[in-house]
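Some notes on the structure that comes next.
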Amino acid sequence: MAAALVHTHLCVSKISKRASITTAELIYRERQGLTKLRHSNSAAQFRKCRKAFKTLANPGSLSLTRALVTFVEAGYLEDAFHLFEKMPHSDTFVWNVLIKGLVTNGFYEEAIDIYYRMTFAGIRADNFTYPFVIKACAGLSSLFEGQKVHSKLVKTGLDVDVYTSNSLISTYAKLGRIEFAERLFVEMEFRDLVSWNSMISGYISAGDGWNSLICFREMQLFGMTPDRFSIISALGACSLECLLQKGKEIHCLIIKNEFEMDSMIQTSAIDMYSKCGRVDYAEKFFDCIPQRNIGAWNAMIGGYSLNNHPLQSLACLKKMNMASNLVSDTVTLINVLPACAQLGALLQGKSVHGVAIRKGFLPHLALETALINMYGECGRLNISELVFGQMTDKSLISWNTMVAAYVKNECHQEALKLFQNLLNANLGPDAVTIASILPSYAEVGSVREGKQIHGYVAKSGAGSSTYISNAMVYMYAKCGDLTNSQKYFDGLIFKDVVSWNTIIMANALHGFGEESLRFFSEMQAKGVKPNASTFVSLLSSCSITGMFDEGWKYFHSMIWEFRIDPQIEHYGCMIDLLGRKGNTHFAQHLIEEMPLAPTARIWGSLLTAARRNGDIALAEHASAHILKLRHDNTGCYALLSSMYAEAGRWAEAECVKHNMRKEGFEKTAGCSVVEIDGNICRFFNGDRSHEETEKIYDALSVISGKITKFRQQESVGKRANSPEFHSVRLAITSGLISTAPGSPILVRKNIRICENCHDAAKKISDISRREIVVGDSKIFHHFKCGRCTCRDYW
DNA sequence: AGCGTGGTCA
């Protein structure tokens, strides 16, 4: 209790810094207060406040209590506090007024402290006190405090008060304990309209629109007539569950009850229609409002953003600024930012940020989160990071948004690091977090990390989502663990078309073409209709494993049997397939003839084909197109320069390297990762930083001796960038000497494996009698008995 | 006596 008292004084001093009021100060404050009140445009309040100040200046005529009420009503917490400390406060009423003032102004912690100070002073809290105290618990998100207060209520018998019970219902719902709210509601002896409304909105806090609507119907069966509160909540329930029909019914109720001029109902109705995906209905409703309030505008601006009409969203904001005297508030900005994000309109986004700063809206949790998202979508991660770093208050949503921003910009390492911080901060990841982070695990995660995230998926209950399950199947496959990917897939109770597409792609990635085809037949046998993505997986599988005839067969059946128009990705697969067959002319022809504009990825396929066929002219042609289309062309430059080098055209090779540096690109350093006893070992080319370096290099020299019989002499020179010491070989060797004989070795590499190492890996798999799996930037190579699943084309 | 419950757009 002593601690609570000390705390109270600290908190009080936050609000009221001075200890006493002088007459001069009073006059000053009066002037200040009066000016403020004039602005607030309330003549009645203005007169009252003036009277209150007079009362204070002239203690003879006093009604200090009345003055206190006036201060609290005007929101002058400082003055209220001064007065409170100076007046006798043996009366419950005085305390109640102060607590009310604190709660309505958001000083929840202080309100709770005053409540404890009150009980400590021996003043009995009454049925007027508790609704505020309970509301403060909700504001603090403190279930602990809430339950403490509740038990006190039961002890004093005040829990039968309908006001108090109603507050408890909504507070429990807000604190995530809808079952407590339900129990209270059921056990209430007398339920009024507010009780029903609290329950209806309580279900919405719990994210349960269905029960909210059931409650809404039941209240009518009990003879209660819904008021504006009930209607606003019911509309919220329709938005939550996307129930357009039900929403229209409630719209009828609005008309019947003549609530159309209620601005909050207007806002809710616009929101309901746009959340149900009918921005046109929302627009109609909006257009019929003669005097639009800021809420209606905000809902409309948000509705356009939500339904992917970013230009209309921006236009709506402009219209608001032009056609009305309304000014943007925080919600306006929060709603228009997704539109900037969708358009990638950095300039507009920045100007919104500017407005937020100028108007003093920051820091603001939701607004900052929207900014992080906008900058992330516009590719300005550094600003996202800056905003995130400066946030004084972060919610799980802000964390999720930052993770998603990293993932969107393919900064997977950063995403994983942030996710780790999130776990360390003891913020339980939710389904959104997991869905955002899984692609990063797929891109850079190890099998061990994959299993770790598997644990979080199970713990968070996110595994019941098919979306997340599919991402898990893909993640395991992308981490190199096809067995667990398969297992996870087999364990799925509900498999949608994406699940099947994923397992087909998973097998394609690992070069198991026949398996892919088998899954394709199986999905059709199970009655799942393939979609365009199914064929991307299937055709990729054909091209990766070189099933030429099957590839064309499926391409044709896609068009003629399944009536799916080929998209650019399908053409990409076919061009890969043609390239693999060495038919570069036909590949080029297909690019020219296809009805879609070729992308950098398409020219990349042609470039790969050119490389395999040693066709430098074609490679130059493809590269020229890539350089025009894409910004980051590190891979393209690297490939071209190595082709020139292989052909002995050194000057041109050097020229390409020069251009690359000129544009500010560095050749990506090759890096391979192998997992040994759950530890991740990372190797660069010629890396000597590993603690077992001597052992690894000794073993590698023995291996090299066995696989390159006549080149032995050369390697004495030991150039660090010689293929002999490429990162893949270091990783494989490290795996060989540190794991049990006969067990498979899994290595992942950030860039394409070079031909020399591919050849070496085949031989190593043969002489060591081990299965070696190497995942490079494109596919997984399963080396076994001197052969690779990619059949030497990648 | 006066202080009380539920609500929109994020």
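Lettering of chains follows the sequences in order, A, B, ..., and the numbering in each one begins at 1.
Heavy atoms of A:Asp91 sit under 4.0 angstrom from at least one base atom. Nucleic acid contact class of A:Asp227 (heavy atoms, under 4.0 Å, all strands): base. If you check every strand for non-hydrogen atoms under 4.0 Å, A:Tyr130 touches nothing. When heavy atoms are screened at a 4.0 angstrom cut-off, A:Gly302 is found touching no nucleic acid atom at all. Among the heavy atoms of the strands, none lies under 4.0 Å from A:Asp329. Nucleic acid contact for A:Thr92: none, since no nucleic acid atom lies under 4.0 Å from a heavy atom of the residue.
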Which pairs of donor and acceptor atoms, one on a side chain in residues 358-378 of chain A, lie under 3.5 Å apart (sequence neighbours left out)?
residue: A:Lys359; atom: NZ; partner: A:Ser328; partner atom: O; Å: 3.4
residue: A:His364; atom: ND1; partner: A:Ala366; partner atom: N; Å: 3.4
residue: A:His364; atom: ND1; partner: A:Leu367; partner atom: N; Å: 3.2
residue: A:Glu368; atom: OE1; partner: A:His364; partner atom: N; Å: 3.2
residue: A:Thr369; atom: OG1; partner: A:Leu365; partner atom: O; Å: 2.8
residue: A:Tyr375; atom: OH; partner: A:His353; partner atom: ND1; Å: 2.8

Contacts table for residues 395-405 of chain A: side-chain donor-acceptor under 3.5 angstrom, sequence neighbours left out:
residue: A:Ser395; atom: OG; partner: A:Ile397; partner atom: N; Å: 3.3
residue: A:Ser395; atom: OG; partner: A:Ser398; partner atom: N; Å: 3.3
residue: A:Ser395; atom: OG; partner: A:Ser398; partner atom: OG; Å: 3.1
residue: A:Ser398; atom: OG; partner: A:Ser395; partner atom: N; Å: 2.8
residue: A:Ser398; atom: OG; partner: A:Ser395; partner atom: O; Å: 3.1
residue: A:Asn400; atom: OD1; partner: A:Thr433; partner atom: OG1; Å: 2.7
residue: A:Asn400; atom: ND2; partner: A:Asp430; partner atom: OD1; Å: 3.1
residue: A:Asn400; atom: ND2; partner: A:Thr433; partner atom: OG1; Å: 3.4
residue: A:Thr401; atom: OG1; partner: A:Ile397; partner atom: O; Å: 2.7

Mind listing the side-chain donor-acceptor pairs of residues 137-145 of chain A below 3.5 Å, one per line with the distance, residues two or more places apart or on another chain?
residue: A:Ser142; atom: OG; partner: A:Glu145; partner atom: N; Å: 3.0
residue: A:Glu145; atom: OE1; partner: A:Tyr116; partner atom: OH; Å: 2.9

Listing, residues 334-352 of chain A side-chain donor-acceptor contacts under 3.5 Å, not counting sequence neighbours, or none:
residue: A:Asn335; atom: ND2; partner: A:Asn298; partner atom: O; Å: 2.8
residue: A:Gln342; atom: NE2; partner: A:Ser305; partner atom: O; Å: 2.8
residue: A:Ser351; atom: OG; partner: A:Gln348; partner atom: O; Å: 3.0

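Scanning DNA chain B 5' to 3' for nucleotides with an atom closer than 4.0 angstrom to a non-hydrogen atom of chain A gives a first and last hit of B:dG2 to B:dA10.
Under the 30°/60° scheme for interplanar angles, the aromatic rings of A:Phe222 and A:Trp196 are found to be tilted.
A:Gln245 is linked by a side-chain hydrogen bond (donor to acceptor under 3.5 Å, both in side chains) to nothing, counting only residues two or more places apart in sequence or in another chain.
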